[in-house]
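Atoms within each ligand, like the ligands themselves, are counted from 1 in listed order. All values below were derived from every heavy atom in this structure, side-chain atoms included, with hydrogens, water molecules and symmetry-related copies excluded.
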Amino acid sequence: MQGAQIERKGERQSDPQSEPVTSFRERAQALARDLPAQRLWIGGRWSEGDGEALAVWNPATGERLTDVAEATAIQVDEAVQAAQATQPLWRNMEGAERERILWRIADLLERDALDLACLESLNNGKTVREALQGDLPPAIDIFRYYAGWTRKIEGETIPVSGPHLCLTLREPAGVVGAIIPWNYPLLMAAWKLAPALAAGNAVVLKPSEYTPLTALRLASILQEAGIPDGLVNIVPGRGATTGHALARHHGVDKLAFTGSVRTARSLLYASADSNLKPLSLELGGKSPNIIFADADLDSACEAAWKAIFANKGEICNAGSRLLVQREIYDDVLARVVARARTMRVGDPLDERTDMGAQISELQLRRIQHYVDAGLKEGARLCCGGERLSDEERRRGNFYAPTVFAEVTSDMAIAQDEIFGPVLAVLPFADEQEAIELANDTLYGLVSAVWTGNTGRALRMARAMRAGSVWINLWNGFDSGAPFGGVKHSGFGRDMGHHALEQYTTTKAVWIHEGR
Ligand code: NAD
């Protein structure tokens, strides 16, 4: 739909005639032109960062979009203090009022969806279509979902021995530190903010140094919605500086993290070395997508290429290992390779583009490293395997959709999270071998099983060591359903009522009834 006219919804609905219609490209270019240097959001106002200013790049063009200030440890401390000072006001506010504010955030996100999607695309390199259709709707929905919870977080009464009444109170954790990655910047912020706020907490949010733009844009939306000043503070900066200061802060009562295993380890140490704050860790994956010969192959193959190439493979739940039963292996491989070969890789602002730009040069090098390792270890490269650097794409971080066949489970491309558009296709003989291969990695985030046999589907669902199992579908996501991993994919859950458990503590209150 590039070049076509796009209707903007919301904001100025009162006078739709005056609303200019514009293409994604025009809107994004206008946004990029007007981007001011980004600052810190602390205590309900913008402050200059005292740390080193960091450049924010457009991965598809190599252009510098703007600079972002970095919060120092002192400024992280100011943010935590602002959060501590405001949290009692929020927790004591009537649930109905908090519900109204969370709902209003969703409305404002909806109003600004086009701008937010364009910013996300500019800053992350994902296609604007993916941002608009894939990132924004769940980010909006999760605020509505948790708005409904503000008045439903209940305690219980417990029949105890003796002349006592025992009841429980579910109380907010206090100040939540949230550290998020670059692949879904706005959505990850929403996944942390919505349940934390619904449960009555204050938040200090640290976006990725690569992608701070939409999180910072959120600041004014939160304020407009009625979030009290100081309740949510946004402190951009690098992990080793700003993130580290937040993780070690004694005033942070709970840390919610999405990112890599390496960083998760350092956060666990930081917690141990400071105030033993509890953590929830949503980490990486090497997720198996398993196709049995009795499956609906059209649906399974269509899902298989999307599972790895959506968001340029920079998805924690990418279906990066395709396990295919031997008798259909050649057929499935041929279909997936054919689809990969016809994908359009390039300008993320072009509606026809299937895959945008990888986040960074570093990420490109990481992908190439694994592709080289796959070749060296004897896997067969069916397509891709190289950076795309023709005239049109040479300034951006574009990589060709890549498929490897004859992969064995001991290869690096079958074990390590590449976080790029590289698919490893492995054959299996029967159910038992499929289970062994599927569980043969350090990770356990999601898995999918494609089969026409209900009994097998249930057996496989039980056998998978993963946080989610999708039977005859890929990408089962809903604000009401828990998402998270086991093993090196982390612990704790985002979304659903399950996430609320992490943002609340349970207090037992005993009352002596006398005799
Ligand atoms: P990363 O761990 O490098 O960075 C994530 C965040 O942590 C960033 O904000 C970064 O600045 C911060 N950080 C880095 N070092 C830190 C430190 N020492 N102390 C405190 N903060 C620190 O991860 P990334 O490269 O941004 O993201 C990619 C990773 O995230 C992949 O492994 C991917 O699988 C994972 N991920 C998981 C999920 C999920 O829900 N399970 C979702 C998205 C991404």
Side-chain angles (χ1 to χ4, degrees), residues 51 54 56 59 68 70-71 73 76 123-124 126 134-135 138 142 177-192 204-212 214-216 234-249 252 255-271 273-274 277 279-287 310-320 358-360 362-363 366-367 416-420 441-446 466-468 475 477 481-495 499:
L54 305 167
V56 181
V68 64
E70 178 169 63
V76 167
N123 195 182
N124 168 278
K126 68 178 70 193
D135 296 31
I142 202 153
I179 300 181
I180 55 172
W182 42 257
N183 60 340
Y184 284 90
L186 180 69
L187 184 58
M188 291 301 110
W191 277 16
K192 308 300 185 207
V204 179
L205 172 72
K206 194 203 87 62
S208 165
E209 55 273 44
Y210 288 102
T211 53
T214 45
L216 288 164
I234 304 173
V235 287
R238 286 164 297 173
T241 48
T242 313
H244 184 69
L246 188 59
R248 293 188 64 86
H249 201 292
V252 172
L255 197 61
F257 174 70
T258 294
S260 64
V261 176
R262 180 181 40 79
T263 303
R265 286 186 200 282
S266 76
L267 299 181
L268 286 162
Y269 285 122
S271 168
D273 283 346
S274 57
K277 56 181 75 60
L279 287 93
S280 46
L281 303 174
E282 305 288 352
L283 312 178
K286 191 71 188 177
S287 298
N311 209 53
K312 353 127 201 181
E314 293 170 352
I315 312 189
C316 51
N317 59 288
S320 51
Q358 310 302 141
I359 187 75
S360 62
L362 184 68
Q363 200 64 17
R366 182 179 162 84
I367 294 166
D416 295 355
E417 184 185 48
I418 302 173
F419 226 53
T441 73
L442 290 173
Y443 294 103
L445 192 55
V446 306
S468 300
N475 261 358
F477 280 98
F483 178 76
V486 298
K487 304 198 287 182
H488 281 205
S489 294
F491 48 79
R493 293 291 178 266
D494 278 320
M495 299 191 285

Whether the side chain of [X] engages the backbone of [Y] through a donor-acceptor N/O pair (distance < 3.5 Å, no angle test) should be reported.
| X | Y | answer |
| --- | --- | --- |
| K277 | A270 | no |
| T214 | P185 | no |
| E282 | D494 | yes |

Assess, by modelled atom type and distance only, whether the side chains of T441 and K487 contain a donor and an acceptor separated by less than 3.5 Å.
no
Which protein residues come within less than 4.0 angstrom of ligand 1, counting heavy atoms only?
I179, I180, P181, W182, N183, K206, P207, S208, E209, G239, G243, H244, F257, T258, G259, S260, R262, T263, S266, L267, E282, L283, G284, C316, E417, F419, L445, F483
Under 30°, 30 to 60°, or over 60°: which ring-plane class applies to F483 and F477, parallel, tilted or perpendicular?
tilted
More than 12 heavy atoms of other groups within 6.0 Å of F419 CZ:
yes
